[in-house]
S.K.: 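Before I ask anything, here is the structure I am working with.
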Amino acid sequence: MTTINESRPAQGLRADDRRDEQVHESTKPLGGIAGWVDDRVGAAKGVSFLLKKVFPDHWSFMLGEIAMYSMIVCLLTGAFLTFWFVPSQTLVPYDGSYIPLQGVMVSDAYRSTLDISFDIRGGLLIRQIHHWGALIFIVAVFAHMARVFFTGAFRKPREINWVFGTILSMLACIEGFAGYSLPDDLLSGTGIRAMNGFVQSIPVVGSYVSYFIFGGAFPGEAIVPRLYSVHILLIPAILIGLFTAHILLVFVHKHTQYPGPGRTNTNVVGYPLMPVYIAKAGGFFFMVFGVITLISALFTINPIWAYGPYDPSPVTAGSQPDWYMGFADGALRLLPGWFEFVSWGDFTWSMNIFPGSILLLPIMWGVIGAYPFVESWVTGDKREHHLLDRPRNAPTRTAIGVAGITMYCVLFFAAGNDLIAIKLHLSINDITMALRTLFFIGPPIAFWITKRICLSLQRADREKVLHGRETGTIWRYPDGRFEEIHAPLTPNERWPLVQHEVPEPLQIIAEKDENGVDSPIARKERLRAKLSHFYFVDRVAPVTPAELEAAHHAHDEPHAALPAGEHEALESTGAGAERESIKADKRLD
């Protein structure tokens, strides 16, 4: 029988609970409203983790931020425009402030857009901010994708994030097309008319798809309301979802960083999200917003009052889509007419339209989205990569990227072949034939030149590591020889030049094993080996520690490693008797 609680009745067993709760409340990290919210949602731990997240500091990372802030600007200005825009093709007489169109029968969409431009205070500025913001958003997305591609930031574990970004960029172009088609002016109506032709070129089902999209025969009265729903609801929801997933994966995977001293695949060197990065990001947002607003205030874009309302009968001369859809228009202009043929008596295959208008987009973005998986399979590299590549250290990848950009630029310039012919007084047929030829020979030439430049830069880096950097100090020997002094690199300067790996090409395996039996994977592995040879046959290996040590011993330069002050001291104490120095304008520092 125990007597441990005889002096403490049951009702006193929890006497200290209130005091413990008070101590717990007093030691909580959050108080006030934040503490009240944390008690109910338990978000303090997650928010604390996010606010302590470290981000590296480099100007190229700001390209993604520009895309994010431009999208926010588009969302804010788009919400403003929805209050007054009427997505209807019902014809009404215009009675607004723009005198040249008063009394003209226009659609409700066109009338409301004119009202926003001329009768709503600040409406024209908001319209222009929305349009310029959309253009800058797409520019920033493409530039951000180029940075990710050329630095290898898409490698494991970020392949899914690359796919998200690829889909986001494609949807951004479609969203832009839907947006500038809404005012129902002559230019946008011409674009919709072209879209109808593209859809009808789809083999077998093209006419049915067109009938479904337009709710009947073109132009109908359903396309603007449907594009409006797609523009403000469907695609923005997908974009925001993909963007959120994109950002969350950045937090999960850590941020990539450029190679440098102290930077490894297991850490991130930079600033925490709070307070440093939050302050910088907030200031940068207002800078982007301010630049877009300044451009919008100074430069007119899409003056629909000058184009007039859409009418299927006239077509504006020189009408072209916004720049991000120009490559598709260029592909249409380069496709030869003899690609169209008739089969089974009266069935027409419009291969002079369908590949460039409908098939090009999924193929182009499909190839871009699949590239990380192809490179991973070719190299056999399954490791995680958090350090970025210098583009010169991945010459084949860099050359592939430049070749793709060259192909895109050829198609883009082809979209203006008529304007080029008019301004330069040249034959449009000659320009078209030249661009067709350049489409096939331009990318290989750009690939070869880019790869040669990258390999040359790698060799220059190798020489710099082995022999040091040029100092501008030239020594003259008694026998008349001249020699420039090279200062050895510091470890911090040397590290980015030697830290990368250069894989060797895979060996082609035999088609039969030692028993003469056909290997089931021989064909696949031979293809992989050939692609690996394509990637890595031209390689410049980074300097090894042994090579660096040998180079230091091989150089008989007793003064090469001395700083400027010691050089001068050495000369003043009689070293000039052995060899004279001629100092160039460059200073040894």
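Residues take their numbers from the sequence shown, with the count starting at 1. Predicted, not measured: the structure shown is a model, and the values here were computed from it.
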S.K.: Go through the steps to decide whether F118 and Y94 satisfy the test ring pair (Phe, Tyr, Trp, His ring centres under 6.0 Å), and finish with yes or no.
M.R.: CA-CA 13 Å; F118 295 109; Y94 176 71; 8.1 Å; no
S.K.: Decide yes or no on ring pair (Phe, Tyr, Trp, His ring centres under 6.0 Å) for Y310 and Y110, but give the supporting numbers first.
M.R.: CA-CA 9 Å; Y310 177 62; Y110 186 76; over 10 Å; no
S.K.: Would you say I136 and I295 make side-chain contact, with heavy atoms under 4.5 Å?
M.R.: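 Touching, per the 4.5 Å side-chain cut-off.
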S.K.: State whether the number of non-hydrogen atoms from other residues, nucleotides or ligands found under 6.0 Å of W84 atom CH2 is greater than 12.
M.R.: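 Yes, enclosed.
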S.K.: Under the rule for salt bridge (charged side-chain N to carboxylate O under 4.0 Å, His left out), what residues qualify as partners of R155, not counting sequence neighbours?
M.R.: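 In terms of salt bridge (charged side-chain N to carboxylate O under 4.0 Å, His left out), with neighbours along the sequence ignored, R155 is linked to D389.
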S.K.: Has F413 got more than 12 heavy atoms of other residues, nucleotides or ligands less than 6.0 Å from its CZ?
M.R.: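 Count not over threshold, so no.
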S.K.: Applying salt bridge (charged side-chain N to carboxylate O under 4.0 Å, His left out), run through R111 and D95 and close with a yes or a no.
M.R.: CA-CA 9 Å; R111 179 197 56 78; D95 58 356; 5.9 Å; no
S.K.: List for me each residue that meets salt bridge (charged side-chain N to carboxylate O under 4.0 Å, His left out) alongside R528, sequence neighbours excluded, and say none if there are none.
M.R.: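 Salt bridge (charged side-chain N to carboxylate O under 4.0 Å, His left out) check on R528 returns E525.
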S.K.: Could you check whether F534 and F447 have their ring centres less than 6.0 Å apart?
M.R.: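 Ring-ring flag for F447/F534: true, centres closer than 6.0 Å.
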S.K.: Ignoring hydrogens and angles, tell me if any N or O in the side chain of S376 forms a donor-acceptor pair with the backbone of P372 under 3.5 Å.
M.R.: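 It does not hold such a pair.
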S.K.: Do the side chain of S350 and the main chain of N352 share a donor and acceptor less than 3.5 angstrom apart?
M.R.: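 It does not hold such a pair.
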S.K.: Could you check whether R193 makes a cation-pi contact with F218, meaning its NZ or CZ is under 6.0 Å from the centre of the six-membered ring and within 45° of the ring axis?
M.R.: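 Verdict for F218: a cation-pi partner in R193.
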S.K.: Just wondering, more than 12 heavy atoms not from F341 lying within 6.0 Å of its CZ?
M.R.: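 For F341, atom CZ is crowded (more than 12 foreign heavy atoms under 6.0 Å).
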S.K.: Is the side chain of T398 donor-acceptor paired with the backbone N or O of P391 at a distance under 3.5 Å, no angle test?
M.R.: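 Yes; judged by distance alone, with no hydrogens or angles, the pair exists.
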S.K.: Give me each pair satisfying salt bridge (charged side-chain N to carboxylate O under 4.0 Å, His left out) with a member in residues 369-379, each pair once, sequence neighbours excluded.
M.R.: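 Found E375-R397.
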S.K.: For the rings on F85 and Y228, is their centre-to-centre separation under 6.0 Å?
M.R.: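 Centroid separation for F85 and Y228: below 6.0 Å.
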S.K.: Scan Y271, F61, F251 and name whichever one has a side-chain contact (heavy atoms from CB on, under 4.5 Å) with F55.
M.R.: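 Running side-chain contact (heavy atoms from CB on, under 4.5 Å) over Y271, F61, F251 with F55 returns exactly one hit, F251.
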S.K.: Within 45 degrees of the axis of the six-membered ring of Y535 and under 6.0 Å from its centre: does K451 put its NZ or CZ there?
M.R.: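 So K451 doesn't make the cation-pi contact.
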S.K.: Before giving the answer on ring pair (Phe, Tyr, Trp, His ring centres under 6.0 Å), spell out for F164 and F243 the whole-Å C-alpha distance, their side-chain angles and the decisive distance to 0.1 Å.
M.R.: CA-CA 8 Å; F164 285 169; F243 174 76; over 10 Å; no
S.K.: Mark yes when over 12 heavy atoms from residues, nucleotides or ligands other than I99 sit less than 6.0 Å from its CD1; otherwise mark no.
M.R.: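 12 or below, so no.
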S.K.: Answer with yes or no after comparing the ring centroid distance for F412 and F327 against a 6.0 Å cut-off, counting only values under it.
M.R.: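 No: the rings miss the under 6.0 Å criterion.
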S.K.: Can you confirm whether I363 sits close enough to L361 that some side-chain heavy atom of one is under 4.5 Å from a side-chain heavy atom of the other?
M.R.: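 No, too far: nothing below the 4.5 Å cut-off.
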S.K.: Whether the side chain of R158 engages the backbone of G152 through a donor-acceptor N/O pair (distance < 3.5 Å, no angle test) should be reported.
M.R.: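 Not a single qualifying donor-acceptor pair exists.
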S.K.: For residues H253 and H386, report the shortest heavy-atom separation together with the two atoms involved.
M.R.: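 Residues H253 and H386, closest heavy atoms: O-CE1, 3.2 Å.
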S.K.: Can you list everything that forms a side chain to side chain donor-acceptor pair (under 3.5 Å) with T432? Sequence neighbours excluded, please.
M.R.: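 Testing T432 for side chain to side chain donor-acceptor pair (under 3.5 Å), a comparison that skips the adjacent residues, returns N417.
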S.K.: Residues two or more places apart in sequence or in another chain: which of them pass salt bridge (charged side-chain N to carboxylate O under 4.0 Å, His left out) with R452?
M.R.: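 Here the qualifying residues are D538.
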S.K.: Are any of the side-chain heavy atoms of W365 and S169 separated by less than 4.5 Å?
M.R.: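 With C-beta onward as the side chain, the pair touches.
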S.K.: Compare all side-chain heavy atoms of E175 with those of H231 and state whether any distance is below 4.5 angstrom.
M.R.: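 Yes, their side chains come closer than 4.5 Å.
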S.K.: Determine whether a donor-acceptor pair (N or O, by modelled atom type, separation under 3.5 Å) exists between the side chain of R392 and the backbone of Q458.
M.R.: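 Side chain of R392 to backbone of Q458: no pair is present.
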S.K.: Restricting to non-hydrogen atoms, name the atom on M351 and the atom on F339 that form the minimum distance, rounded to 0.1 Å.
M.R.: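 Heavy-atom minimum between the residues: CB-O, 3.1 Å.
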S.K.: Please determine whether ring pair (Phe, Tyr, Trp, His ring centres under 6.0 Å) holds for the pair Y211 and F214, giving the CA-CA distance in whole Å, both sets of side-chain angles, and the decisive distance to 0.1 Å.
M.R.: CA-CA 5 Å; Y211 194 90; F214 288 88; 10.0 Å; no
S.K.: For the rings on F154 and Y371, is their centre-to-centre separation under 6.0 Å?
M.R.: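 That pair passes the under 6.0 Å test.
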S.K.: Minimum heavy-atom separation for I353 and L335, please, with both atom names.
M.R.: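 Here I353 and L335 meet closest at N-CD1, 4.3 Å.
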S.K.: Counting neighbours of CE on M287 that are heavy atoms of other residues, nucleotides or ligands and sit closer than 6.0 Å, is the number greater than 12?
M.R.: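 It does not: M287 CE has 12 such atoms or fewer within range.
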S.K.: For D381, which residues count as a salt bridge (charged side-chain N to carboxylate O under 4.0 Å, His left out) partner, sequence neighbours excluded?
M.R.: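 Only R383 meet the salt bridge (charged side-chain N to carboxylate O under 4.0 Å, His left out) criterion with D381.
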S.K.: With respect to S296, which candidate in H131, R127, Q128 satisfies the side-chain contact (heavy atoms from CB on, under 4.5 Å) definition?
M.R.: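 Going through H131, R127, Q128 one by one, the side-chain contact (heavy atoms from CB on, under 4.5 Å) with S296 is satisfied by Q128 alone.
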S.K.: Using modelled atom types only, decide if a donor and an acceptor are shared between the side chain of Q102 and the backbone of G96 within a distance under 3.5 Å.
M.R.: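 Judged by distance alone, yes, a pair lies under 3.5 Å.
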S.K.: Is there a side-chain contact between L527 and W377 (heavy atoms, below 4.5 Å)?
M.R.: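 With C-beta onward as the side chain, the pair touches.
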S.K.: Are side-chain heavy atoms of I368 and W162 found at a separation under 4.5 Å?
M.R.: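 The answer is yes; the side chains approach within 4.5 Å.
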S.K.: How about I160: does its CD1 atom have over 12 heavy atoms from other parts shown lying under 6.0 Å from it?
M.R.: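 Counting other residues, nucleotides and ligands, CD1 of I160 stays at 12 neighbours or fewer.
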S.K.: Please report the shortest heavy-atom distance between G356 and A331, naming the atom on each side.
M.R.: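 For G356 and A331, the tightest heavy-atom pair comes out as CA-CB, 4.0 Å.
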S.K.: If we only count heavy atoms from C-beta on, is the Y180 to L187 side-chain gap below 4.5 Å?
M.R.: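 Counting from C-beta outward, Y180 and L187 never come under 4.5 Å.
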S.K.: Between the side chain of S181 and the main-chain N/O of F177, is any donor-acceptor distance below 3.5 Å?
M.R.: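 Present.
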S.K.: Just wondering, do L411 and R333 contact through their side chains at under 4.5 Å, heavy atoms?
M.R.: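 Answer no - side chains too far apart.
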S.K.: Can you classify the ring geometry of W132 versus F299 as parallel (below 30°), tilted (30 to 60°) or perpendicular (above 60°)?
M.R.: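 Perpendicular: the ring planes of W132 and F299 meet at over 60°.
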S.K.: Strictly distance-based, threshold 3.5 Å: is any side-chain N or O of S70 a donor or acceptor partner for the main-chain N or O of A67?
M.R.: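 Between the backbone of A67 and the side chain of S70 there is no qualifying donor-acceptor contact (under 3.5 Å).
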S.K.: Ignoring hydrogens and angles, tell me if any N or O in the side chain of H58 forms a donor-acceptor pair with the backbone of S60 under 3.5 Å.
M.R.: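 Yes, H58 side chain to S60 backbone: donor-acceptor pair under 3.5 Å.
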S.K.: How close do G326 and A415 get, counting heavy atoms only, and between which atoms?
M.R.: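 It is O-CB, 3.2 Å.
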